[in-house]
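Written below as structure tokens is the structure these notes are about.
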Number of protein chains: 4
Amino acid sequence: MCRWLAYIGEPLRPSKIVLDAKHSIVAQSLDSPLGAETVNGDGFGFGWYPTGAPAGTAPALFHSIEPAWNDANLRELSRAIESPLFFTHVRAATAPPIQQTNCHPYRFENWMFMHNGAIASWRQLRRDLTLAIDPELYPNVLGTTDSEVLFHLALSLGLRDDPIDAIGRAIRMVESVGHSQDVQFPWQGTVAVSDGTTLWAFRYSSQGRTRSLFHSADIPTLREMYPEQERLAAFGDRAKVVVSEPLNDLPGAFVEVPESSALTIDPDGYRHQPFLVG
Amino acid sequence: MCRWLAYIGEPLRPSKIVLDAKHSIVAQSLDSPLGAETVNGDGFGFGWYPTGAPAGTAPALFHSIEPAWNDANLRELSRAIESPLFFTHVRAATAPPIQQTNCHPYRFENWMFMHNGAIASWRQLRRDLTLAIDPELYPNVLGTTDSEVLFHLALSLGLRDDPIDAIGRAIRMVESVGHSQDVQFPWQGTVAVSDGTTLWAFRYSSQGRTRSLFHSADIPTLREMYPEQERLAAFGDRAKVVVSEPLNDLPGAFVEVPESSALTIDPDGYRHQPFLVG
Amino acid sequence: MCRWLAYIGEPLRPSKIVLDAKHSIVAQSLDSPLGAETVNGDGFGFGWYPTGAPAGTAPALFHSIEPAWNDANLRELSRAIESPLFFTHVRAATAPPIQQTNCHPYRFENWMFMHNGAIASWRQLRRDLTLAIDPELYPNVLGTTDSEVLFHLALSLGLRDDPIDAIGRAIRMVESVGHSQDVQFPWQGTVAVSDGTTLWAFRYSSQGRTRSLFHSADIPTLREMYPEQERLAAFGDRAKVVVSEPLNDLPGAFVEVPESSALTIDPDGYRHQPFLVG
Amino acid sequence: MCRWLAYIGEPLRPSKIVLDAKHSIVAQSLDSPLGAETVNGDGFGFGWYPTGAPAGTAPALFHSIEPAWNDANLRELSRAIESPLFFTHVRAATAPPIQQTNCHPYRFENWMFMHNGAIASWRQLRRDLTLAIDPELYPNVLGTTDSEVLFHLALSLGLRDDPIDAIGRAIRMVESVGHSQDVQFPWQGTVAVSDGTTLWAFRYSSQGRTRSLFHSADIPTLREMYPEQERLAAFGDRAKVVVSEPLNDLPGAFVEVPESSALTIDPDGYRHQPFLVG
């Protein structure tokens, strides 16, 4: 459906992983080895928290309806800025329209969200799920994707207070509305969310067969394992990437995120916990 | 807010009035003498019923988010085809996003619709009005404009059976919902609708001060009045244009459509009637 | 590099082969089984001679920088018109920029041209080859592709009088300039050219290993071979397609065009001849 | 033809003058009080040297073919970054095509260039002037504008060693080639050039009637004159803007740059000198 990448750690020039890796997210836009679709050419998005911005600062967004692989602006931007926390997403549309409002990441205040996957029978479920969004938040829904509605459902259900709980409740609502309309496996997907300080990532599907998700291994450990890998010098000790599929073929560099789990990455490090199990 | 043009009559190469008139709709996109906004550069649309298509054929649409004035594709297309009934619309967005799904004309089956004007306090009224759309039609709403919602309200209220009645009922619903939320003058606008055979146009606003609307005078009469005007030879005897503002400065060539009226143009000619009066 | 399709025959709704075939040109844009690149998503173009237009009429062009596979306008247009002679091209850029002036087909007066392939070391040869264009024609060069320059070289060398001779001379000039700058195999490609009445196609490369090219078999014969194939009823007896790769898997439906040959298709039928041999 | 703005000084969030001024460059894109054209909606560009980048760093570029006034990405970008030296340009095309390679600013290594004006009879002079570009630089010409050719002529004539001399020699070459082809007033325009440390601006036309150009007054002086203007607190003491027309209506805030003069702004301050006089 799509491919995404989230980075948290020391301020980094995004091009290091958006452009300059064997399976960079831009390379994945044209040829995704593990993707449900090989080509993710239906637009892309990039969102970043500026270095040094105070807590609560809204991220900046760049959205484009053109394929990422030949987009000059994405190259320029990802080489010119640095950020301690950024998201990139390349889209393979399950359906048109191809428009900037259907490009991830989505934003509300200082919160940023992206998704790879789908709500099954979306055309059928769209109205009921859209109506379930808090009327105060409804005017911010500008596109037609299932992802944008899931984000606003989670915001309606307390994302700003407890992200893991709210994403769980939003997915449960999707499952509940889906089941009431005879949709067997309503939810499928991996999700990334951030408030600018902490990164949360989720892997879950109603059928228990979710799109792939990986996180990078500990950088100091990788440097010891691969002292000849000069590329690793580009990354700080706290650098962490969560990504739909590994950015390179280095054994041990990327670790699969288990089914039905939620990750939390913040200054204290990496933790994961069961998510929507049972 | 926008400018539009609707043509009905003998099959015509659209460029004759889309490009090659002093105040053609493309000229109006860059400089609209009577417009609420001078510039209508936030995308455009063109929709046409092919010549010789059987009754009930859906119109074809061309939408672009680029300004009409320098768009090469619009020039090519409007010179290459002929059509007995076509719509053109240039947009001045009251608000972003600029995306193809916000470009007029809109279409449902063989019905085509466009609008110049606005629902007041749209951000506030959007949810209630969207919910009033027939759930069967709801999945077809893909953009964020007030115009698209008005079209789907009219479809929900019987447009396909009685267009004048349904557009009237849809506007009354907008006024009713608006008044219930303290919006004094909820509706403003001119509307064009067609099923491929008949053209209906409407001019009405809650405040009684609607955007301008004109229809062209009878072509045989114009030819007698202006025998030296070679341009008139391009038009058939039944050719009729309804347009936000006159395409030229020829006295008598364009007649203002009165406030609160509905026009009907079909093979039997031109008629108008009071609309939403009292 | 790219994929292209040229149709000549009875007026046809282009969607029949642009959209509605197993390996339609739009399907090839996303997944091209025989292509040098799998994905041809760097824009596309469509050019057509209107039905009934007098000899010498310029074709109309539609160019877009978005991928063909989800482009709504291409779907609309190819279903709404009919044409006795049209070209479609999907681009896989060897290099940016992605812009409409780099989309095929190219046009000059009533002549239309498209190309799949490349001039080797183009960045190095571009200046000398561009200078070789007739100064009268130079102002019409608006993009940066090798293909556009080859077209204007052929126009400079007599395309309008003898297309096969002129395309041959233009390619020989490319080879000559290339060899003088130590480029071993300067030319690679398949080309289609038309004046609105006749279709010429070419397959040649300096190395003798040209991108694939096929033409469709005789339609009446195919109807006899495959009486159960209802799709064949859509095509007239004189319908002929020349295409980078077969549009379906029907054995015998598409015949490979030999290396180093030039095809001519006109009302008298199909002929081919050796091209640039020896 | 166009409008442009160049900033040099303490690192500034570009939105302060790109978006948030009465006659900001984005406001000028829709309505330019002093412009040769009122509307500058044929694409735009933004180029910036990152804060803290070492001397010799190439600037980053953002180009778009959409009008600036409703472009979401420009809003995001100009609010998210800071820069001690940036250019913005909004285009009113004298001719299509509208494509990113025709958007200013242009770049070569660490040099950035933009232009408002035109070479007269450009279609006629284009070939001779393009041929005069150093063949080593020729491959970098990707668009069709007179401006891009002037920049590459200046690079060919020593821009990197002596910008004022090289721009002067390039304009003289335009005049010489123009006069040889009976073009009376070949050059018209204002130009900005930077190497990342110094900003040069030029105002000159063959006819002596050049498009308007202004520079901002000394900020500490303005603060004394207008102590109640809180907006002035946003600017550092060394901040300087050169712009096609004043960004606000504050008397004394903007000073017209004289005809036939060259400006230099660097850490030592502002100087100007006669340019191409006599």
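Proteins get letters first, then strands, A, B, ... in listed order; numbering begins at 1 in each.
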Nearest 0.5 Å, please: how far is CD in Glu66(D) from CG in Asp42(B)? 10.0 Å
How close do Gly41(B) and Pro67(D) get, counting heavy atoms only, and between which atoms? O-CG, 3.9 Å
Quick check: under 4.5 Å, non-hydrogen atoms only, which of residues 11-26 of chain B neighbour chain D? none
Non-hydrogen atoms of chain D under 4.5 Å away: do they reach the side chain of Ile98(B), the backbone, both or neither? side chain
Applying salt bridge (Lys or Arg N to Asp or Glu O under 4.0 Å), name anything that partners Glu175(B), two or more places apart in sequence or on another chain. Arg172(B)
When rounded to the nearest 0.5 angstrom, what is the spacing between OG1 in Thr38(B) and CG in Leu30(D)? 8.0 Å
